[in-house]
Amino acid sequence: MDKEIFELGSDDGIPMNARLPSLGYFVCLGPVAPPGKEKYADQNVELNFTGKAGTASSIYYSLFFQLPKWDWFIMKADEWIEVSPTHKEYYDRTIATKQMLESTIKTGLSSAAQAVADFELMNHDLRKYKEILNYFAKKDEHSLKAMFVDQVDVHTDVSMVRTIAPRWPTIIADFQRLSDEDVNPDEIAKKYNISKAEGVILATKNRLYKQWKDLFGASVRERYERIKGLVESRRKSIKEYRKWLKPYIARFSMTKLGGERVGTRASTFKSFADITGIASFANVIRIYAWRFLRTEETRKPAAEKKEKGFAVYPYDEYIRENLILHPTKGLARIYPWLRNPRKYCSKCNEYFPAGVVLCSKCGSTSLTDKTMADEIVEGKDGIIEQWKKGEMGLDPFEMYYMITDFNIERFGTRLPVGELEDITFKMRNFVVSQNVLLVKILELKCRDIELERYIDEILGVRVEERHISEIIMDEFPELFPQKEPSGYAKFIKELRDSGKAYTNFLKKIKAPKTDKFMFFKPGPYEKDFLERLTKQYARIAGSYFFTVVKFVIAQMGVE
Ligand SMILES: [Zn+2]
């Protein structure tokens with residue numbers, strides 16, 4: 001929450017690379033000079049409007065209702081509101097809204113907390129029954145008999161522990177030796193070389209034990225199924241609560257009163273409010289809008305169905321290493337957990353926790369090393385999957401996109417003549433290769449994931465964080481000795497680790513990262529910058545962008 005943006009066109013984010021060796025690996029072309037220095041079409045525009053209260057907001061709404069009609073996809077990256085106590089009415093209204101949000105969240109939280117408590121209780125029972133079912137599944141007569149003696153026999157008048165064992169200390173050991181067929185006292189006495197009297201007691205106990213086993217087995221199965229159903233339904237309702245609470249908590253956390261917000265953002269408000277002393281509220285909204293950019297004549301001949309249904313696969317090794325996972329230059333600088341190791345089974349397309357050595361689905365031991373970023377991008381319901389389905393304005397056959405970065409500042413001011421609203425649209429338009437857009441989408445997902453984690457923290461849920469295989473490990477520790485891979489699995493793991501070190505080394509020599517190596521084919525994207533990019537992509541992007549700019553101007557009524 002409250003994290004900086006991985007900026008387009010910035011050395012701390014995705015740099016403009018017109019003249020950098022990275023051109024070709026990706027493309028990021030955007031405005032160079034500050035607004036005012038360039039013309040409208042030059043991709044950097046600042047428009048300001050001041051009007052009566054409400055008029056500025058209506059421009060905002062009409063713009064973002066219009067954009068989707070022009071095939072732009074819109075995603076809000078950030079928003080914050082600050083209200084100054086100098087405008088009492090607005091301040092009170094905002095406080096009231098905030099309190100309303102707070103109480104809604106609290107009610108939601110207490111219901112959710114109940115669901116979490118239920119879930120944990122039932123999960124505990126579930127594990128207990130699972131363990132007993134295991135005895136039955138593995139025909140573990142020893143454990144079952146021990147349970148019978150401990151929990152059933154002890155309550156009878158002739159308890160083996162209380163009344164019999166003092167006389168026949170070996171009775172429990174003898175009972176453990178019996179098999180299901182041992183029901184005849186004489187035969188038992190003969191078979192195990194014990195007295196007839198003990199044989200009578202053991203025959204009775206064994207008959208009771210067999211009856212108990214049948215009844216108990218059936219009821220454990222039945223209970224297990226019932227609790228399993230309840231646990232699943234609680235798990236679902238926790239998820240539902242989280243989904244339901246998310247927008248409330250998001251709104252709650254973005255509404256800050258006075259100086260609640262830290263850092264650079266607060267200074268915007270300060271400069272406005274403290275100096276003039278008349279601001280009522282400041283509202284900053286950050287929105288990204290994107291749209292594919294097609295220039296028929298420059299479309300690469302390679303634009304045919306190739307890797308995984310894409311003209312060119314957007315999640316390439318260069319972007320992954322440099323703009324995503326790189327600890328100081330990549331998105332991982334802001335979201336370090338993107339680098340967290342994960343294991344991946346390519347056969348099942350499943351991701352597992354780092355310690356896992358075999359796939360719980362197919363049993364394969366050839367798991368590859370991946371990261372959290374890989375899972376978010378390529379895993380189930382990941383960005384690539386959405387991309388293939390054409391969601392979020394994405395098209396697997398397009399290689400270039402325009403992204404407009406909207407920075408909208410709205411201020412309310414109260415003057416003796418009445419209330420005024422002031423809005424500034426700062427718009428910067430970029431032409432990017434699809435892999436740059438992927439980085440931005442990943443960033444927006446990271447923001448979303450952090451919000452969900454924050455909500456989980458409030459709820460105290462750890463359920464979703466755990467992978468199903470971890471839960472299985474808990475339930476069948478003897479089947480999944482993950483901590484200490486032994487024998488074959490260990491051998492395979494060591495073999496693989498040594499092989500990996502070798503391939504990593506080879507990869508390093510192959511990857512040209514400096515100028516010197518640039519005569520190697522530098523990635524699939526345009527590298528003929530000045531010729532093609534400016535003349536064709538930028539011209540087309542400029543005309544789309546100009547349409548948007550003109551629309552805002554028309555809404556402001558100053559055309
Ligand atoms: Zn598998």
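Source: prediction; values computed, not measured. Counting starts at 1 for both ligands and their atoms, in listed order.
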For this session: With sequence neighbours left out, write down each residue that passes ring pair (Phe, Tyr, Trp, His ring centres under 6.0 Å) with Y544, or none if nothing qualifies.
Result: none
Exercise. Can you name the closest pair of heavy atoms from L230 and M122 and give their distance?
Worked result: CB-SD, 3.6 Å
For this session: Can you establish whether the number of heavy atoms outside K329 located under 6.0 Å from its atom NZ is more than 12?
Result: no
Seminar exercise, completed: Tested for ring-ring contact (aromatic ring centres under 6.0 Å, His included) against W290, the lone hit among Y401, F430, F73, W72 is F73
Seminar exercise, completed: Any protein N, O or S atom under 2.8 Å from the Zn ion (ligand 1)? Found C345 SG, C348 SG, C359 SG, C362 SG
Exercise. When you measure from the centre of the six-membered ring of F175, is the NZ or CZ of K205 under 6.0 Å away and within 45° of the axis?
Worked result: no
Exercise. Is any NZ, NE, NH1 or NH2 atom of the basic residue among E443 and K3 found under 4.0 Å from an Asp or Glu carboxylate oxygen of the other?
Worked result: no
